[in-house]
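Below, each value reflects all heavy atoms present in this structure, side chains not excepted, and no hydrogens, waters or symmetry copies. Naming convention: chains lettered A, B, ... in sequence-line order (proteins, then strands); numbering from 1 in each chain.
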There are 2 protein chains.
Amino acid sequence: MARAGSAKAQRMERLQAELAQGRALHISAVSKLLEVSEMTVRRDIQQNPGKLGYLGGYVVPRGMFEPENSYTLDMAADQQRDAKRRACEIALRHVRAEETIFIDCGTTLIELVDLIPNDMRLTVVCYALNVAERLAHKPNVTLVMLGGVYYPASATFFGPEALATISSLGINVALLSAAGFDWARGATCAHFHEAEIKRKVMATASRNILVIDTSKIGRLRSVLFAESTSFDAIVTELSGDETSQHPAS
Amino acid sequence: MARAGSAKAQRMERLQAELAQGRALHISAVSKLLEVSEMTVRRDIQQNPGKLGYLGGYVVPRGMFEPENSYTLDMAADQQRDAKRRACEIALRHVRAEETIFIDCGTTLIELVDLIPNDMRLTVVCYALNVAERLAHKPNVTLVMLGGVYYPASATFFGPEALATISSLGINVALLSAAGFDWARGATCAHFHEAEIKRKVMATASRNILVIDTSKIGRLRSVLFAESTSFDAIVTELSGDETSQHPAS
DNA sequence: TAATTCATGTTATAATTCTCACATTCATGC
DNA sequence: GCATGAATGTGAGAATTATAACATGAATTA
């Protein structure tokens, strides 16, 4: 019987944590790290498809690459990923070099981080762990993180200090995401503390831009954080090449 | 003479575009795609370091991870890694369930995170990105992070809010690392802002424990953050099975 | 206790990838 | 036309990685 905390499961967890920053580890390094044979590493990964990728002789974080041949190919990848990336491409046009921007949490805006050119100088404020991880590698980005208590559900930090910090920052552009959006009701998200951060940021930032893929439209989540009219722009993957829609300008 | 739009440059551009979506292509696929031999693909990539990554037999997008770096970094870390892990094992005995602990930055105490049993309930305060990443996976750990501006050199965040937050926390045990330690001079680290955090934490915590491997002893770094006598215990990989040394108890 | 199962390690072998030296092609200039 | 040099291709052997079969050992069950 496979218990919850079996040796294998622990190894997988540890490996995933190890690769969280987007590093690749050679199988020999993994073998030493986990103190098991290389054979076991291979078997672990084969038997947990989807959790980690394997490429050549290297273990790589999942979701980063989709090798065609590798036996890790599980394609559980986000169906909306392309849509999200396109939306992010368009949203990025609202950002100019040397500005201070806020990047919200969620799977949508993570895509934006990769799209920031390496030579673009920016100050980026975030409160999601996975966003910070990726931003940490950008050479010309000054990363500011809001601290607090960690909420695994959204991979974010939250606390009174975070809220206080926000108002002390000068944010030019806030890029916000939403789990649901409705023109009549507004933008909603799933977690209360998330909403609190978003509201505070929106009150501070000069320009507020909602970045969503169209699958979010019409959906409703538990916490409303902004009216439709409070955004300076709403960007989706279908937003044209113009400066996109300005429902409230 | 290699012009800007040479065949090679064009291939590189095409490849980069192809891999932009985060896919990995096997070298044989690339060879067919670009209609050149596999040898040429290898040479192209070797001669354009930084543009594309190469891993096993696959061409991968660059920027997200550093295959070679991580490999060599791991090898370098391996030298003292066992020592560090042993020191952390011993240090962990100073921590009891339900307590609030502080975990310092650096390669030593990262090892400690993995050693925390999954069923141990703890509140952990940290300010290093890589420490947070690993802690985020622990089911019974309440993670508190100090926010601020990111410093790549030590992968930590620092700012006035961080310092203010520390004094508002009730920390039972502070596990501190040092880049250098000398019984006469005390504990030193390489970065000024790091020292500031350490000092503030030490002023707040009930028990301060220095965790170092013995290679640190005798070394001196630029910033002194604590006298030898200000620690309640100093733990190294050689610390015995007793409750370890108490130089200042 | 013996039988069974499962996870892991070991070994040998197969398949793949890497490197090197050398051959070929192509463009350029004399 | 010929020489030159850069870019590319080819093939053999070395090194690495993958696979499969078997061995070990611990935990489980009858």
Side-chain angles (χ1 to χ4, degrees), chain A residues 1-16 18-19 23-62 65-74, chain B residues 1-16 18-19 23-49 51-62 65-72 74-75 78 82 114 118-119:
Chain A
M1 205 48 172
R3 278 177 305 165
S6 73
K8 188 195 288 186
Q10 283 188 337
R11 285 203 303 269
M12 291 300 289
E13 259 181 58
R14 177 127 184 248
L15 242 189
Q16 286 190 61
E18 196 78 25
L19 297 174
R23 295 187 311 172
L25 280 180
H26 187 85
I27 185 165
S28 63
V30 174
S31 167
K32 270 181 260 171
L33 178 71
L34 301 179
E35 292 166 337
V36 293
S37 71
E38 301 190 359
M39 193 69 229
T40 302
V41 176
R42 285 200 185 86
R43 277 195 279 238
D44 276 3
I45 291 166
Q46 281 183 345
Q47 288 162 20
N48 289 55
K51 292 199 171 181
L52 290 170
Y54 190 79
L55 213 56
Y58 293 80
V59 184
V60 298
R62 200 54 203 27
F65 308 116
E66 313 293 340
E68 346 93 86
N69 280 337
S70 162
Y71 45 67
T72 55
L73 181 58
D74 187 22
Chain B
M1 214 37 176
R3 278 178 305 166
S6 71
K8 187 194 290 186
Q10 282 185 338
R11 285 202 304 268
M12 290 301 289
E13 265 179 51
R14 176 128 182 248
L15 242 189
Q16 285 191 63
E18 199 76 26
L19 296 174
R23 296 188 309 171
L25 281 178
H26 191 264
I27 184 166
S28 63
V30 175
S31 167
K32 272 180 255 171
L33 179 71
L34 302 179
E35 293 166 334
V36 292
S37 72
E38 302 190 358
M39 193 69 230
T40 303
V41 176
R42 285 203 186 86
R43 277 195 278 239
D44 276 4
I45 291 165
Q46 280 185 341
Q47 288 164 20
N48 289 54
K51 292 199 172 182
L52 289 170
Y54 190 79
L55 210 55
Y58 293 81
V59 185
V60 297
R62 195 52 190 268
F65 69 39
E66 316 293 327
E68 265 106 345
N69 277 3
S70 64
Y71 191 54
T72 49
D74 259 54
M75 301 305 274
D78 263 355
D82 283 345
D114 295 330
N118 279 328
D119 60 352

Atom CG of A:Leu55 and atom P of D:dT16 are separated, to the nearest Å, by 19 Å

NE2 (B:His26) and OH (B:Tyr58) are apart, to the nearest 0.5 Å, by 5.0 Å

Identify all pairs in which a protein N or O lies below 3.5 Å from an N or O of nucleotides 9-11 of chain C, and state each distance.
from  : atom 1 : to      : atom 2 : distance (Å)
C:dG9 : OP2    : A:Ser37 : N      : 2.9
C:dG9 : OP2    : A:Ser37 : OG     : 2.9
C:dG9 : OP2    : A:Thr40 : OG1    : 2.4
C:dG9 : N7     : A:Arg43 : NH2    : 2.8

- Hey, is the side chain of B:His26 poking within less than 4.0 Å of OP1 or OP2 on C:dT16, counting only N and O atoms? no

B:Tyr58 atom OH is separated from D:dA18 atom C1', nearest whole Å, by 12 Å

Quiz item: Looking at B:Tyr54, does any N or O in its side chain come under 4.0 Å of the phosphate oxygens OP1/OP2 on C:dC18?
Solution: yes

**Request:** Please examine the side chains of A:Val41 and A:Tyr54, heavy atoms only from C-beta on, and report whether any two atoms are closer than 4.5 Å.
**Result:** no

One should read off an interatomic distance between A:Thr40 OG1 and A:Ile27 CD1, to the nearest 0.5 angstrom, of 9.5 Å

To the nearest angstrom, the CG-C1' distance between B:Asp44 and D:dA6 comes to 13 Å

Rounded to whole Å, CZ of A:Arg42 lies from P of C:dT8 at a distance of 15 Å

